[in-house]
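Working notes for the structure below.
We name chains A, B, ... by the order of the sequence lines, and we start the count at 1 in each one.
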There are 2 protein chains.
Amino acid sequence: MSGRTVTIAQVAKHAGVAVSTVSYVLSGKRTISADTRRRVLDSISALGYHPNAGARALASKRSNVIALVLPLRAGMHVPVLMRFASAVVTAARRFDHDVLLLTADEGPEGIRRVAASALVDALVLMDVELDDRRVPLLRELAEPSVLIGFPAEPAGLTCVDLDFAAAGARCVEHLAERGHEEIALLGAPSVVYDRGTGFATRTREGFARALDAHGLKGVTLPCEETFDEVYETVRDLLLDRPGLSGLVVHNEAAVSHVLAALRQLDRRVPHDVAVVAICPDDVAERAGPPLTSVLIPAEEVGREAVRLVMDKLEGRAVPESTLLTPLLAVRAST
Amino acid sequence: MSGRTVTIAQVAKHAGVAVSTVSYVLSGKRTISADTRRRVLDSISALGYHPNAGARALASKRSNVIALVLPLRAGMHVPVLMRFASAVVTAARRFDHDVLLLTADEGPEGIRRVAASALVDALVLMDVELDDRRVPLLRELAEPSVLIGFPAEPAGLTCVDLDFAAAGARCVEHLAERGHEEIALLGAPSVVYDRGTGFATRTREGFARALDAHGLKGVTLPCEETFDEVYETVRDLLLDRPGLSGLVVHNEAAVSHVLAALRQLDRRVPHDVAVVAICPDDVAERAGPPLTSVLIPAEEVGREAVRLVMDKLEGRAVPESTLLTPLLAVRAST
DNA sequence: GCCGGTCGTCGAAGCGCTTCGACACTCTCA
DNA sequence: TGAGAGTGTCGAAGCGCTTCGACGACCGGC
């Protein structure tokens, strides 16, 4: 509308009030008469006013931006990450905040930079590992932070994640209900276990514990991500354990290879082998046949992380640990 | 180190110079003696000074932040998107800029908001569609922008993308060299063509044109993403065209289904049917067998987009259209 | 009819930085 | 030796906003 950037002073003049009055209308921090408020709001939309973010941040010591820090290794998880990211942005907007995207390239120094420069008010870290070198930094930062995933020593931090142990257990339980007596978990590539990624380890533990609890036989195996390796793993597994009739797959990239391998080995799903996956819903639905799955609730995790970080910004107390209950959707594969 | 946020004034005092001198050391906009510069830099690191982003933005009218706008529909492309995003962040950091992540939820209004509030200096839009409702807004914005992908009417805009027409043609060429005489393109799901997504359409055109140029027979088909649908498509295709010996797959999610379907139909790759994919490298490598592919150079596209947007910020002229040459990597499938 | 208490509004003081003009030097060349 | 041209540094004026204290206007209670 007007000749380039509109300032609060122009709005004030247009509405015939003081600058501070406009500010109070916008923030609601003091009572303003209904009449004045209306005039101010009218002027704002007439002029197309948008408060200058820099000025606002400078004066209020709040940038209304949170940092979203990508994982150190891109790993396997890519589509899920994107949904986290998208959920975080959407949730943040609901609290009138924007999201700054940080990669691991810069390392912890990048986190320090955006925090110290007051570019962001708070941080959300995705896909935290057991031994994460970003974690020590977070402890000394004044800005609040929330981790998605759990480091080895989470005391004093705020962490949120799917309850992977419960997810592993839930799959076992489901197969036990269906009468299976010998089952296997195909997990992440072995390198993922080696570097101590929390979610992989915890799924395996939950799986193993539930196996005992239900008196089932079974194994857990790492699982690589090329077709040939998956094929060998599945073939050997079926050879070694003729009684095996159920499979839990916790590896998004391997899911379709596992199914293809079973087809090639002449095992019908679910008739000969029942398959449960732990993966995003769309992957499960797109598979042939559609898979019974425990979905990874990316949206919910992202939303929850933002809620927690906003609570911390407001000075409210939050739980150190938030575990989201896994939900199992039954489809054609069991 | 010191008691909370360090300001430029404290640095100036510590170094025994004026505030403006510190500023000039940092920006390099005026000559400063080597001696003074050293003292200032020492003070900066001694105090752990980080310039306040809000103050800087306010005074300089530059936030040093660019917006990265996610596509309107999450669609199929998720892993590629993440690599774009990551590449954009990394490239932006090289120009001393940060990246603000925007989703489509807010629609064009979100773009207007961050631009008008001076939160960002410039915009990069991912995965632009032929008829993209964000495009008209960009034309009236003062802030420079770069699109990844091409809208129907790109005049006056700055667009960058893989040259998909060339990619389609490159696949044909490769198969022609190998002596194939009848080939097919399995593309995106039909809904993607219906909504006029540029890259799908352009691949198809490039494919068709190259077919003529090399005197080959062939068809192009849309391709859904569940195993059963892919299986039917492939089965019918082989039935209809007994002479067919080459397949181009431009659909990341369908790649492994196509291979599984061929296996089930007893067609060996590459002996009976050669397969070329247009997809990210890791998908091609992970397939069984590893696929000859034209990779989607996500990193390069992201880097190029940032370079262009930085050029525009500096007032340098940039080409309206930047097409990146596709590179074909030969693997076991042809 | 006067006093204390809200309520609604205003003016001004920063927030931490960039940038402009000024100014004291030191060189260089006539 | 003095004018002219650089250098290197400083002080001060904003940038556009929030927030604090101040201050009329109006209320009810005695």
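By the side chain to side chain donor-acceptor pair (under 3.5 Å) test, B:R39 is found to be paired with no residue, residues two or more places apart in sequence or in another chain being considered.
In this structure, CZ of A:R37 is placed 9 Å from P of C:dG8, rounded to the nearest angstrom.
Residue B:T31 places at least one side-chain N or O closer than 4.0 Å to OP1 or OP2 of D:dG8.
A side-chain contact (heavy atoms from CB on, under 4.5 Å) with A:S145 holds for exactly one of A:V135, A:L123, A:V69; it is A:L123. Only one option out of B:V99, B:L101, B:V306 pairs with B:V89 in a side-chain contact (heavy atoms from CB on, under 4.5 Å); it is B:V99.
Within a 6.0 Å sphere centred on CZ of A:R38, other residues, nucleotides and ligands contribute 12 heavy atoms or fewer. The local environment of NZ in A:K312 is crowded, with over 12 non-hydrogen atoms from other residues, nucleotides or ligands closer than 6.0 Å.
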Contact state string [nucleotides 15-21 of chain C, B base, S sugar-phosphate only, - no protein heavy atom under 4.0 Å]: BBBBBBB
